[in-house]
Structure formats: C-alpha cells, structure tokens
Undergrad: 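Got a structure for you, written out below as structure tokens; questions coming shortly.
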Amino acid sequence: MHHVQRRPRTGAPVPPTAQPDRTNPSADWWRQAAVYQIYPRSFADSNGDGIGDLRGITSRVPYLAALGVDAVWLSPFYPSALADGGYDVDDYRDVDPRLGTLDDFDEMAAALHAAGIKVIVDIVPNHTSDRHEWFREALASAPGSAARDRYIFRDGRGEHGELPPNGWTSIFGGGAWERVTENDGTPGQWYFHLFAKEQPDLNWDNPEVHEDFLRTLRFWSDRGVDGFRVDVAHGLKKDMEGIHDDLATIHRADLFDSGEHPLWDRDEVHSVYAEWRKVLNEYNPPRTAVAEAWVHADRRAKYASPEGLGQAFNFDLLQADFDAGQFRDVITKNLAEAAATGASSTWVLSNHDVVRHATRYGLPKGSGRGIAGADGKDWLLDGGDPAEVDAALGLRRAQAATALMLALPGSAYLYQGEELGLQEVGRIPETERQDPTFFRNRGVEVGRDGCRVPLPWKASPAEGSSFGFGSDGSHLPQPAWFKDYAVDAEEADSDSTLAFYRRALARRRELEGPERLEWVGAADDDVLHFARPTAQGSWHVVTNFGDAPAPLPEGEILLATAEVEGGKLPANATAWVRVG
Ligand code: GLC
C-alpha cells in the first residue's frame, strides 16, 4: 500500500522480537493514496440490465489492481429513484436491488481488500430522498409534528399560504421550496430542498438526525469500509430565522466567507463533524473522511482538521486553466494549507460533476471554464459537437496535468474513465438525459450526463451492444467513438493512456516520500519545475505549459507523457526525472 511511514534506515538495528505497533502506521494509508472514483451505475454491468452493479465491480478488481490504485471511492449505490443519480438516498444502510445486495457488497469489499485496495463510500447527509421512510412519515404527519421536524417544513406566505416561504432558489434551478398536500387533501406546508425537489433537506438541529447518521457511519465501518466521502459537507447547518429576507441574502458574496451565510459553510457545521470524528476514531485504524465542501480555500482547513473529517477536497486544480501560473499558485497555496492543518493535500482533475479534463483542455476557445458541468457550457449547449474539440490536444494536456498531479505530495483522486483518456460525451438526445440540472434548468445547463456514460471495456461491436460494459445496452447511450477508448484496445497498446496511468501509478508508489516539494526555477515561467526529496535522493518534475521545447535536468527519465528529444521536453508534456 502506498502510505507514508517512517522506515528504518538501511543498517539500523532490527529489534530481536517484533513488538505490536501501537502507533498503527497503516492509519496513515490515506495521506498519499491514489483514490479511484467509481460511479457504480456506469462502471460494469454483470447482469445485462444496462445498469452497472456491485458484482460488476467485483469482476473488475483485477483491472483496478493492475491499474495500481490504493483505494476506490464508490458514489452512492443505495436504494434510490435516481432523481439525482443516486444522491437521492431512500435508505442509507442498504444496497439498491438493481445494483445488488449487502452480501454482494461484502463480497466486493473482500475482493478489493484482498487486492490491497481500500474502500470509501459516499455519505449524503444534507438531504434524503423523498422516498425515505422519514419523509413519507413526515408527509403523513401533521404540521408541527416530530416527524416533520426532521426536515425543514414551513408555512407558505400569502393569504392561503400559496406563496413559498421565500424566494430562495435551488442549486439545480427553480425554487428551493415545494408545497405538499396535507392528509385531508388540502394544499399544505412547504419543504426546503437545496437540490432537486426529490431531495428534501434534513434538519440538522434535530438530535434524531444526528443519531441516525452516527448509526450509518457505524453500519458501514463495521462492514469494513475504510473511509467516507461526505457529500455537500458545507451545507448541513442552516439558519432559517431570517427566511423571509429577500433572495439577495443567499447571493451576498460577503456572507460566503463569514460563517454566517444562511445556507452554506456555517461555523456550527463543524460540531457535526467533531461528533463524527469521535465515532470514526473508535475504529482501528480510524476511518477516514473527506469533505466535499465547495468553500473558500482558507475555510477548507476546518473541514480537514484532525478534530473534523480529516481531509477536504481541493477543487482548485480542477477549476484552473492549463496554465503554469495558475497551477503553481494552486499548488503552493494548498500545500501551505495542508501543512497548517496536518491533513494531506487532495488533488482532483475530474469527477462525476464536471466535464472530463481530456475534453476541457481541448475545447474551442471561449467555451468558458467553470465547474459542475459549466465548464465548456457553451459548447455543450450548442450540442457538444465532438468535431469542435481538439481531442488530441486535450488528451495530451490531460496526461501532462495528470502526471503533474500524481507527482504532488498528498492524495490524488481519479475519476473512472480518465485512465482511458475518455472524452466527455457532448451529444446525448434529450429523451435520454437523466441529470436533474438539465430538466430544472432547460437551456441554461446541459448537466453532467456526459461524464457519466458507461465505460467501454471492449472495442469490438461483436462483444455486445455496450462495448463490454454489460451484455445488453447501457443506461446512457455510448457514442460509436467509445471503441477508440476501450480497455482491451488500450491494454494491447503500450502507448495508450491506460498504459501511461499504470506506469505513472507504479512509479508513484516506488517513489513515495515525505510530503514536500521544492520549486526550481522562476515563478513566471511557462514551465513548472519542482523537486521531491526522498531518502534515496530527489526526483524532479517538469511540466511544459508553453509552446517551445523546454530543457530537462540531467538524469534518468522515470516517466514522460511525450517523447523527450535531445534532453528537451516538448510542449504540453510532463516528465519525471531522477537526478543525481
Ligand atoms: C454533490 C454531488 C452531486 C450531487 C449533489 C447533491 O455535489 O457530487 O453529484 O448532485 O451533491 O447531492
């Protein structure tokens, strides 16, 4: 496993009888782990229903082991109506029957563990689904009842309560309140939902909500899960006192970093994670947790603190252009932050919410670059014509950025399919789209389906209609060009993106060392150059963001994303070099 631990120096005396290691070095496994995100419905389908499942994952454990990742993070696989791809959870302590059973989960976890791969699951505490038993009970109960208090119900405004309690909007578009029908058939109260209307927000001032999530953390930890990814970690605590304020309140930029925004990143949210940390620390090794918190960089530290979740996603790299200056700033700032909290840094270039980075870096100029599907928004809205993407340039830059990311101290999060160099699917017929952002925000957001299309495992059409994903179709349509990215084709080609990821991950393990880097060269250069010291000497990492070939330090080339000629690194490439 890839973790940072102090090893005895060569020649140090070895104690005659091994003592149990009370400090438990494996507790640090997460610090520099390469974590592979699986979007279960789109990974591998074992039963031919077009939906990926847990047995599909189990069947691909050898693939994950050969890839060389230290852990997998599974997006939700819980029972769900899929109003938001599974982030609308009906029951936190079960498996969606379409994806398998709890026994299948145990089998999958055992197979992953046997291959030395840790298991991280997704916890969605901000909201349940509207089919969760608590929400059904709330609907069946009277206003003011204990069942309603687990959620955020309010009376409407207007003479008959016909207006929502306020004008706040949902992240997925449209209003953030939905009116219910009371038991006697009359129009009733309204409930609050930050996301889709099928995702009612929980009331985190209710002790039962706290207890239930501790139970869920124990449930999965007892089953051997190694860690948790915490969805919308900055959203749980809300101040609904001023809810009759106008819409402007939730858009006031100054409130975002104050800890007093009514909906986001409120200071008291950390009391929840202090409680969780105590439970996670009851286990040996302690269970890890990583916060998905889209907060300002200097407020991230609290989520990542050892008294809190322990780690938080840094999405800065994902939001940066392919630009030396931006990458350097992001890296410097985040390493300093990590040093201050004691957490390790996290790095992400792609996930299930954004346009794949091999496409982002090859988009026509002026397509915009944002997050949550907004990156390349104009291009997607125009119908996402693949002919407009410079896929070769995008892929070349993506490999360069990935090689840079994998050389950084801290943990790297990879998203399924990026190891194939997979491009975003821009063209998906309206009738096939699934993402609620598309439906709630027509014409403004196309949504995130384009990065969630099931993986191609086999290039030959004779292998089934879904490129080996399953035996009968895929729940989102795969374009014909997916065959060019199929696993079997890439396995047979030593120049493929997959071959590059395998080499890079293997090298990364070999080179593990202290979480430190030293910049070499000028800050305003188009070329980033840093050194990573290890006990065996240092290795250097050079990324050429510019147009002209750049000189490399002399030494052994450990990895290069493009051919090095005459000691020079071509444009849009990264090399790792052992020096001295
Ligand atoms: C997170 C997830 C996203 C989901 C949202 C609501 O941002 O990553 O996919 O839609 O939370 O749960």
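Please read all numbers here as calculations on a predicted model, not as lab measurements. Order of appearance sets the numbers: ligands from 1, and atoms from 1 within every ligand.
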Undergrad: If you have a sec, work out which protein heavy atom is nearest atom 6 (C) of ligand 1 and how many Å separate them, to one decimal?
TA: Asp84 OD2, 3.5 Å
Undergrad: Just to confirm my output: which protein heavy-atom neighbour is closest to atom 2 (C) of ligand 1, and how far is it?
TA: Asp231 OD1, 3.1 Å
Undergrad: Provide, to 0.1 Å, the distance between atom 8 (O) of ligand 1 and the closest protein heavy atom, together with that atom's residue and name.
TA: Asp353 OD2, 2.5 Å
Undergrad: Within a distance under 4.0 Å of any heavy atom of Arg448, pick out the atoms of ligand 1 and give their elements.
TA: 3 (C), 4 (C), 9 (O), 10 (O)
Undergrad: Just wondering, are more than 12 heavy atoms of other shown residues or ligands nearer than 6.0 Å to CZ in Arg223?
TA: yes
Undergrad: Can you sort out which atoms of ligand 1 are near Arg452, meaning under 4.0 Å from one of its heavy atoms?
TA: 9 (O)
Undergrad: Inspect the contact between Arg148 and Glu137 and indicate whether a charged nitrogen and a carboxylate oxygen are less than 4.0 angstrom apart.
TA: no
Undergrad: Using a strict threshold of under 4.0 Å (side-chain N to carboxylate O), is an ion pair present between Asp321 and Arg360?
TA: no
Undergrad: Show which atoms of ligand 1 fall inside a sub-4.0 Å distance from at least one heavy-atom site of His127.
TA: 6 (C), 12 (O)
Undergrad: Against ligand 1, does Phe172 come closer than 4.0 Å with any heavy atom?
TA: yes
Undergrad: Which of these passes ring pair (Phe, Tyr, Trp, His ring centres under 6.0 Å) with Phe313: Trp347, Trp294, Tyr413?
TA: Tyr413
Undergrad: Run the salt-bridge test on Lys237 and Asp205 with the 4.0 Å N-O cut-off and return the result as yes or no.
TA: yes
Undergrad: Quick one: nearest non-hydrogen protein atom to atom 7 (O) of ligand 1, plus distance?
TA: Glu292 OE2, 2.7 Å
Undergrad: Should the heavy atoms of other residues, nucleotides or ligands under 6.0 Å from CZ of Arg93 be counted, would the total exceed 12?
TA: yes
